[in-house]
Amino acid sequence: MLNVGLTGGIACGKSTVARMLAEKGAVLIDFDEMAHAVEDPGGPVWQEIIRHFGEEILHEDRTIDRRKLGETVFADREKRELLNRLVHPAIFEEWQRRLAEIRARRADAIVVSDIPLLIEAGMKGMVDLVLLVYITPEEQIRRVMVRDGFSREEAERRLAAQMPIDEKLCWADIVIRNDGSLENTRRAVDEIWEELKERENLRRVGTD
């Protein structure tokens, strides 16, 4: 089984690339989806988040308002690190469970784990290779402004709260540029998929 870590930065288009790879046959594990799952109302992670951040971050149905929580943690590094400490262990446990399940079911699978903070969390050694979705910082700002309706100042604050995308380049085994057309991205994904299949075949040959 080939375990690929997919990462990038805010508004880089990881979800688009992940979806294209899934269409090719990759087994996708979405860390954002797992974060939602472990934060279900009433659960232990949910309770800890409410204990530290208060009930003002809740929707009427008691689910976490991720936009409100995001506004709180993006403005305060210590709070952001606290939230990560509360959430990451549960997500990691669920990730390991899913990987084991896939490995038992499909030993030849190409698994793509969409991990926004892969590099920041020191997880490079936990995947077989890192695939970085890259756009320029200026394009990140533009996309965040369009996508979220933020001012340029707010978009820049969001970027400043993350590791700069250019600093992630040296950690990547494969880089996919996503600042062109959708068709260009699709062609790049086609090429990368062939490379991933070749790597998986080599791994299987090496273990036979």
Side-chain angles (χ1 to χ4, degrees), residues 1-22 24 26-39 43-45 48-49 66 69-70 73-74 77-135 137 140 158-178 189 192-193 195-196 199-200 202-203 206-207:
M1 186 181 83
L2 186 67
N3 183 17
V4 180
L6 176 67
T7 194
I10 187 171
C12 283
K14 283 191 296 76
S15 297
T16 298
V17 172
R19 184 172 63 251
M20 290 179 178
L21 287 168
K24 288 288 189 181
V27 180
L28 180 62
I29 299 178
D30 186 336
F31 267 51
D32 279 341
E33 178 268 319
M34 287 195 295
H36 281 284
V38 303
E39 293 170 6
V45 175
E48 282 299 297
I49 292 173
R66 292 168 72 85
L69 181 57
V73 300
F74 271 107
R77 179 178 178 178
E78 289 187 0
K79 289 182 179 179
R80 190 163 64 250
E81 292 176 349
L82 169 61
L83 179 64
N84 289 339
R85 289 197 301 272
L86 295 176
V87 176
H88 284 181
I91 295 176
F92 180 78
E93 181 178 346
E94 175 62 14
W95 181 49
Q96 292 298 306
R97 187 193 68 77
R98 293 190 190 188
L99 287 174
E101 184 180 84
I102 295 166
R103 186 178 290 108
R105 189 174 69 246
R106 284 184 54 191
D108 63 344
I110 296 175
V111 180
V112 174
S113 297
D114 183 346
I115 311 174
L117 298 179
L118 185 155
I119 295 168
E120 294 90 328
M123 296 176 64
K124 180 176 171 62
M126 300 177 188
V127 296
D128 296 317
L129 61 91
V130 174
L131 171 57
L132 176 70
V133 183
Y134 179 87
I135 62 176
Q140 283 184 279
R158 290 299 174 104
L159 259 69
Q162 298 187 341
M163 176 187 286
I165 188 72
D166 287 337
E167 291 184 14
K168 296 186 177 185
L169 286 168
C170 65
W171 296 90
D173 298 292
I174 302 174
V175 177
I176 177 170
R177 294 290 300 242
N178 192 35
V189 169
I192 287 168
W193 179 246
E195 180 175 348
L196 295 180
R199 287 180 182 240
E200 170 53 24
L202 289 173
R203 285 174 64 84
T207 56

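If you're wondering where the values come from, they're calculated on a predicted model, not measured in any experiment.
- Rounding to the nearest 0.5 Å gives a distance of 9.5 Å between CG of Leu202 and CD of Glu200.
- Separation of atoms CG (Leu131) and CD1 (Ile192) is listed at 5.0 Å; rounding is to 0.5 Å.
- Residues Trp95 and Met123 are in side-chain contact: their nearest non-hydrogen atoms beyond the backbone lie under 4.5 Å apart.
- Between Trp171 and Ile119 there is a side-chain heavy-atom pair separated by less than 4.5 Å.
- Using a cutoff of 4.0 Å between basic side-chain nitrogens and carboxylate oxygens, Glu195 and Arg199 are scored as salt-bridged.
- Looking at every heavy atom in both residues, Ala109 comes nearest to Val27 through CB-CG2, 4.2 Å.
- Note that CG of Asp108 and CZ of Arg103 are 12.5 Å apart. Values are rounded to the nearest 0.5 Å.
- Proximity of Met1 to Arg106: side-chain heavy atoms (C-beta onward) are nowhere separated by under 4.5 Å.
- With contacts defined as side-chain heavy-atom distances shorter than 4.5 Å, the pair Leu28/Leu21 does not qualify.
- Between Lys124 and Asp173 a salt bridge is recorded (basic side-chain N to carboxylate O distance below 4.0 Å).
- By the 4.0 Å N-to-carboxylate-O rule, Glu120 lies too far from Arg77 to be salt-bridged with it.
- Separating the CD atom in Glu48 from the CG atom in Leu83 is a distance of 11.5 Å, to the nearest 0.5 Å.
- Interatomic distance, Ile110 CD1 to Ile102 CD1, rounded to the nearest 0.5 Å: 12.5 Å.
- How far CG of Asn178 is from CE of Met20: 7.5 Å, rounded to the nearest 0.5 Å.
- Remark: Arg177 fails to qualify as a cation-pi partner of Tyr134 under the 6.0 Å distance and 45° angle criteria applied to the six-membered ring.
- At a threshold of 4.0 Å, the pair Glu101-Arg98 does not count as salt-bridged, since none of the basic side-chain nitrogens sits closer than that to a carboxylate oxygen.
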